[in-house]
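Take a look at the structure below.
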Amino acid sequence: MNIHEFYIKRCIEIAKNGLGHTYPNPSVGCVIVHKETIIGEGYTSPPGQAHAEVNAIHSVSDPSLLTESTLYVTLEPCSHYGRTPPCADLIITHKIPRVVIGTLDSNKEVLGKGVRKLEEAGIEVITGILEQECRELNRRFLCFHEKQRPYIILKWAESNDGFIAPPSDPDKKPEPVWLSNSGSRQLVHKWRSEEMGILIGTRTAILDNPRLDTRTWYGNSPVRFVIDLNLKIPTRYHVLDKSVRTIIITLAENCPESTDMLQYEKVFIANGLPNEICRIAVKYGIQSLIVEGGAQTINSFISEDLWDEARVFTAPIKLFGGVQAPKIEITPISGMFIENDKVSLYRNKPVN
């Protein structure tokens, strides 16, 4: 590992502190180095607040050292005015002579413009350091801007004999059927806090009555997207409790005036196919979408080959029947155990 890679790796580690808290901005890490000593560090603050470069520059106790320092950053510094001024301008103002960048920013408002602005100011710019690792860090942001769709994560829990739920019982109270243990469920809440949106289908909403929030973890709950093509979900159910922003995806273009569903935020679609759901998510600026059920909804994304990651819990129990779990015909890239629950992590296609 050369010296540039060493410091960019540190930037990547710092950037992970912002994951889930910076949307719609990417989570970026930055360090400032003076004579092989780190004198400043920063990562992206919540939206409307300082970016990583600003936080790093402001953390330097002796600003006079900046004129002899190198700034390392995982993503190309912004060059346009958004909620905050351009980071490139601040770098230029402080006369930092060299900037080392992990990867360029795919946002068309930035792409290459930040580098160009720095170089025109006489700053030495080096790009492409640990580029794949930096793209992996911001795979949600880059997928959104490069593919014009959210980054799709499939998640489900299944029994040891391959079922996602037991046979339906019309007399059963609507509530989740827990296959995984409490530690696994807390991990799911952590994962939810890292994503912008979460999606379930009608059957899951009615049979399980899930909350889809982050109640056992800190951080934001994702925007709930609920497929309810014919508006069957009772308004007393958790997904309609208004505790979290919820988008109802439906075919019912003309709701009866008497229905309680008039008060909910709805979008209308033609057929409910995954591509159309992705289009809706993009309309709402959702960069990542975790699909939690049910089997029919998850399988629709698999059949369209429209997914990026899958996270599958296998519990050490047998159901001996019920709803078949989705199947992915590739080998997991990694796995782990949470007590007796096996967690398998899949990646559909590598980040380019």
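Under a 3.5 Å cut-off, the side chain of N209 and the backbone N or O of H238 do form a donor-acceptor pair. S159 places no side-chain N or O within 3.5 Å of a backbone atom of K318 that could act as its donor or acceptor partner. Side-chain atoms of T74 come within 3.5 Å of backbone atoms of G29 as a donor-acceptor pair (strictly under, hydrogens ignored). A side-chain donor-acceptor contact under 3.5 Å links T246 to the backbone of V239. Here the side chain of R116 pairs no donor or acceptor atom with the backbone of K113 at under 3.5 angstrom. A donor-acceptor pair under 3.5 Å links the side-chain atoms of T202 to the main chain of I227, judged by distance alone. With hydrogens and angles disregarded, no donor-acceptor distance shorter than 3.5 Å links the side chain of N138 to the backbone of L75. No donor-acceptor distance shorter than 3.5 angstrom exists from the side chain of E76 to the backbone of T103, with no hydrogens or angles considered. Although no hydrogens or angles enter the test, the distance criterion places no donor-acceptor pair under 3.5 Å between the side chain of S180 and the main chain of R185. Judged purely by atom type and a 3.5 angstrom limit, D208 has no side-chain atom pairing as donor or acceptor with the backbone of P210.
Q296 CD: 12 or fewer foreign heavy atoms inside a 6.0 Å radius.
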* **Stepwise side chain to side chain contact (heavy atoms under 4.5 Å, CB included) check, V99 with I91** => CA-CA 9 Å; V99 174; I91 294 169; 3.8 Å; yes
* salt bridge (Lys or Arg N to Asp or Glu O under 4.0 Å) between E5 and K9, intermediate numbers included -> CA-CA 6 Å; E5 290 175 346; K9 185 174 178 61; over 6 Å; no
* To do: Take I302 and I298 through the side chain to side chain contact (heavy atoms under 4.5 Å, CB included) test and state the conclusion after the steps.
  => CA-CA 6 Å; I302 294 174; I298 292 172; 3.9 Å; yes
* To do: Please assess W191 against F313 for the test ring-ring contact (aromatic ring centres under 6.0 Å, His included), listing each intermediate value before the final yes or no.
  => CA-CA 13 Å; W191 285 343; F313 294 84; 5.6 Å; yes
* Let me see the working for R215 and D213 under salt bridge (Lys or Arg N to Asp or Glu O under 4.0 Å), right down to the final yes or no. => CA-CA 6 Å; R215 60 193 177 277; D213 58 17; 2.5 Å; yes
* To do: Before giving the answer on side chain to side chain contact (heavy atoms under 4.5 Å, CB included), spell out for R140 and Y23 the whole-Å C-alpha distance, their side-chain angles and the decisive distance to 0.1 Å.
  => CA-CA 10 Å; R140 300 160 178 85; Y23 293 125; 3.0 Å; yes
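Using a 3.5 Å distance cut-off with no hydrogens or angles, the side chains of D341 and T314 do not pair a donor with an acceptor. In the model, T22 has no side-chain atom that pairs as donor or acceptor with a side-chain atom of N25 under 3.5 Å. A side-chain donor-acceptor contact under 3.5 Å links T214 and S221. Donor-acceptor pairing under 3.5 Å is recorded for the side chains of N348 and D305. Under the 3.5 Å distance criterion, with hydrogens and angles disregarded, no donor-acceptor pair is assigned to the side chains of T216 and Q186. Counting only N and O atoms by type, the side chains of W307 and E309 include no donor and acceptor under 3.5 Å apart.
Annotation for L142 and S106: closest pair CD2-OG, 3.3 Å, computed over non-hydrogen atoms. In plain terms, the two heavy atoms of I328 and Y346 that are nearest each other are CG2-CD2, 4.1 Å. Contact record, T204 with G294: OG1-N, 2.8 Å, taken as the closest heavy-atom pair. For the residue pair E292 and V188, the shortest heavy atom distance occurs at OE2-CG1, 3.6 Å. Scanning both residues, N299 and P326, for their nearest heavy atoms gives OD1-CB, 3.4 Å. Closest heavy-atom contact between E41 and S59: N-OG, 3.1 Å.
Within the cation-pi definition used here (under 6.0 Å to the ring centroid, within 45° of the axis), R192 does not qualify as a partner of W217.
Between L306 and R149, some side-chain heavy-atom pair lies under the 4.5 Å cut-off. Residues L66 and I57 have side chains in contact (heavy-atom distance under 4.5 Å, counting atoms from C-beta outward). Looking only at side-chain heavy atoms (C-beta outward), V223 and F225 come within less than 4.5 Å of each other. Residues V125 and I101 have side chains in contact (heavy-atom distance under 4.5 Å, counting atoms from C-beta outward). Contact annotation: the side chain of I338 approaches that of N181 to within less than 4.5 Å [non-hydrogen atoms, C-beta and beyond]. Under the 4.5 Å side-chain criterion, counting only non-hydrogen atoms from C-beta, T235 is not in contact with D241. Within the 4.5 Å cutoff, the side chain of V312 has no heavy atoms near those of the V343 side chain. In this structure, the side chains of V244 and I198 stay at 4.5 Å or more apart for every pair of heavy atoms.
Hydrophobic clustering of Ile, Leu, Val, Met, Phe, Trp and Tyr side chains at less than 4.5 Å, counting indirect connections, unites I96 with I92. With hydrophobic clusters built from ILVMFWY side chains whose heavy atoms lie under 4.5 angstrom apart, V28 shares a cluster with F141. In the hydrophobic clustering of ILVMFWY residues, with side-chain heavy atoms under 4.5 Å counting as a link, F301 and I249 come out together. L273 and I286 are not part of a single hydrophobic cluster, where members link through side-chain heavy atoms under 4.5 Å apart. Cluster annotation: L207 is not connected to Y237 through the hydrophobic network of ILVMFWY side chains, with a link wherever side-chain heavy atoms come within less than 4.5 Å.
The existence of a salt bridge linking R203 and D228 is excluded, since no basic side-chain nitrogen approaches an acidic carboxylate oxygen closer than 4.0 Å. E265 has no carboxylate O lying under 4.0 Å from a charged side-chain N of K242, or vice versa, which leaves the two without a salt bridge. For the pair R279 and E276, the salt-bridge criterion is met [side-chain N within less than 4.0 Å of a carboxylate O]. Of the charged side-chain nitrogens involved, none lies within less than 4.0 Å of a carboxylate oxygen, so that R139 and E146 do not count as a salt-bridged pair.
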